[in-house]
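Notes for the one structure printed next.
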Amino acid sequence: MSDSQPLPFTGERFTPECVREIWYEHWHRYAFARGLVAGKRVLDAACGEGYGSALLAAVAGSVTGVDVDADAIAHARARYGARANLGFERADVTQLPFADGRFDVVVSFETLEHLAAQEQLLDEFARVLTADGILVLSSPDRHAYSDLTGFHNPFHVRELYRDELLALLTPRFAQLRLYGQKLLFQSAIWALDAIPGAHEAHTASADGAAVEAGLGYLPLYFIAVCARTALPARLPPLSLFGDREESVYTHYNHEIRKNMTAGARIAELEAELERLRDALATAQHRKADGTA
């Protein structure tokens with residue numbers, strides 16, 4: 001990675017300098033896809049800033065990132081272009097400039113909802129994939145993302161419900177497994193001596209430059225399962241616990257909103273205090289001059 005300046009955050013396109021929830025969501029998608037691209041020819045469609053293409057290139061045979069935005073492509077080339085198996089091209093994802101069957105894997109995250117021409121997009125993905133190639137894409141669930149929250153994302157052209165997404169994908173890809181993704185507050189208990197591959201987990205460094213398999217955290221507590229003769233035959237390598245109402249996350253959002261409101265009020269009071277100081281200084285100056 002070069003020392004090029006980060007792209008400005010527009011409110012929609014993710015950059016690695018973003019923090020908290022959006023950071024987890026975006027990096028996790030590429031970490032998940034990385035397990036599917038080893039030695040493969042990969043297309044990262046709508047690659048944006050290029051961070052995900054670079055992550056995939058660490059294990060893929062080759063990666064080509066495309067984006068319609070010229071500034072994003074110029075930035076990606078400057079920041080990540082030193083890697084020999086990684087290239088970036090400006091292209092419309094609904095009119096890809098590649099031959100049929102060019103790629104083994106197409107990755108496209110948070111792209112579909114930004115386009116009206118979704119059928120054309122998927123046709124292009126199917127065209128540039130080999131006969132046994134795979135597509136990995138993400139799309140917000142309109143029910144959870146917009147309907148339940150009342151949130152309107154001005155950058156989204158057409159969000160899909162689950163059945164609408166499946167109706168688009170299944171005519172083009174007969175074999176499909178659908179995953180859900182959500183940032184959760186949960187208690188995690190994981191075996192410190194777990195056999196590699198017993199579960200899939202990824203832990204990234206703070207800047208996202210390194211992603212390692214496993215839950216690479218320091219335990220706050222140890223839990224021991226002990227026996228005199230033999231342990232239970234089926235001890236899980238990973239156990240997660242949370243509540244359906246996500247009470248911790250609800251509390252977190254409540255506290256964040258309170259802090260944001262308090263911060264805005266503090267800024268207003270500081271501005272008022274500064275105004276009063278200026279008024280007092282003016283009054284004192286006039287009194288000293290005898291003009292009060």
Side-chain angles (χ1 to χ4, degrees), residues 1-30 46-52 67-76 78-80 109-111 113-114 138 140-159 181-186 204-209 217 220 242-243 245-292:
M1 182 184 295
S2 74
D3 295 327
S4 61
Q5 293 298 311
L7 281 177
F9 180 59
T10 64
E12 175 61 14
R13 179 180 56 207
F14 174 81
T15 70
E17 289 71 32
C18 294
V19 295
R20 292 185 291 275
E21 291 92 343
I22 190 173
W23 191 93
Y24 280 84
E25 292 164 349
H26 283 70
W27 277 105
H28 191 186
R29 294 177 192 126
Y30 278 105
C47 65
E49 191 269 356
Y51 71 99
D67 201 280
V68 73
D69 185 75
D71 291 338
I73 291 300
H75 169 86
R79 192 171 195 181
Y80 307 105
F109 295 133
E110 301 304 281
T111 309
E113 66 275 12
H114 292 269
S138 67
D141 174 13
R142 181 176 174 180
H143 176 67
Y145 186 87
S146 295
D147 292 352
L148 295 181
T149 64
F151 175 65
H152 170 67
N153 189 323
F155 297 96
H156 291 182
V157 174
R158 183 190 174 199
E159 296 173 0
Q181 183 191 18
K182 188 176 185 181
L183 193 64
L184 303 174
F185 278 77
Q186 293 205 332
S205 58
D207 62 358
Y217 307 105
L220 187 59
D243 63 303
E245 291 74 23
E246 297 178 270
S247 55
V248 176
Y249 194 54
T250 300
H251 174 73
Y252 168 84
N253 277 332
H254 176 69
E255 292 300 312
I256 289 295
R257 292 190 185 100
K258 282 203 311 184
N259 290 339
M260 291 174 65
T261 301
R265 181 57 180 156
I266 289 171
E268 292 174 356
L269 292 173
E270 287 176 341
E272 177 65 12
L273 181 60
E274 187 64 26
R275 186 189 68 78
L276 292 173
R277 284 172 176 165
D278 289 342
L280 177 61
T282 299
Q284 290 174 337
H285 180 71
R286 287 177 177 175
K287 183 177 181 180
D289 290 344
T291 58

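Since we're looking at a predicted model, the values are computed, not measured.
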- Message: Whether the side chain of T250 engages the backbone of V248 through a donor-acceptor N/O pair (distance < 3.5 Å, no angle test) should be reported.
- Response: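 Not confirmed, T250 side chain does not pair with V248 backbone.
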
- Look only at the side chain of D67 and the backbone of G48, and say whether a donor-acceptor pair between them is shorter than 3.5 Å.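 Side chain of D67 to backbone of G48, a donor-acceptor pair under 3.5 Å: yes, one is there.
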
- Message: Checking E270 against I266 for the side chain to side chain contact (heavy atoms under 4.5 Å, CB included) test, could you report, in this order, the C-alpha distance in whole Å, the side-chain angles of both residues, the deciding distance, and whether it holds?
- Response: CA-CA 6 Å; E270 287 176 341; I266 289 171; 3.7 Å; yes

- Message: How long is the straight-line distance from CG of L273 back to CG of L280, given to the nearest 0.5 Å?
- Response: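 Output value for this atom pair is 10.5 Å.
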
With sequence neighbours excluded, what pairs up with [X] under the side-chain contact (heavy atoms from CB on, under 4.5 Å) test?
{"X": "R257", "result": "N253"}
{"X": "E268", "result": "R265"}
{"X": "E246", "result": "K182, L184, Y249"}
{"X": "H28", "result": "Q181, H202"}

Work out which heavy atom in [X] is nearest to a heavy atom in [Y]; give both atom names and the distance.
{"X": "A46", "Y": "T111", "value": "CB-OG1, 3.3 Å"}
{"X": "F151", "Y": "N153", "value": "CE2-CB, 3.7 Å"}
{"X": "A76", "Y": "G50", "value": "CB-CA, 4.1 Å"}
{"X": "E113", "Y": "S138", "value": "OE1-O, 4.1 Å"}

- Are any of the side-chain heavy atoms of E110 and R29 separated by less than 4.5 Å?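 Yes, at least one pair of side-chain atoms sits under 4.5 Å.
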
- Task: Would you indicate whether the side-chain heavy atoms of Y80 and E49 approach each other to under 4.5 Å?
- Result: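 They are in contact (side-chain heavy atoms under 4.5 Å apart), so the answer is yes.
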
- Contacts of S247 that satisfy side-chain hydrogen bond (donor to acceptor under 3.5 Å, both in side chains) - sequence neighbours left out: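 Result, side-chain hydrogen bond (donor to acceptor under 3.5 Å, both in side chains) vs S247: D243.
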
- Task: Applying side-chain hydrogen bond (donor to acceptor under 3.5 Å, both in side chains), name anything that partners S146, two or more places apart in sequence or on another chain.
- Result: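 Residues passing side-chain hydrogen bond (donor to acceptor under 3.5 Å, both in side chains) with S146: E159.
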
- Given K258, M260, H254, the one that forms side-chain contact (heavy atoms from CB on, under 4.5 Å) with I256: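 Between I256 and the candidates, side-chain contact (heavy atoms from CB on, under 4.5 Å) is satisfied uniquely by M260.
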
- Check: H156 ring centre within less than 6.0 Å of Y145 ring centre: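 Aromatic pair counts; centres sit under 6.0 Å.
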
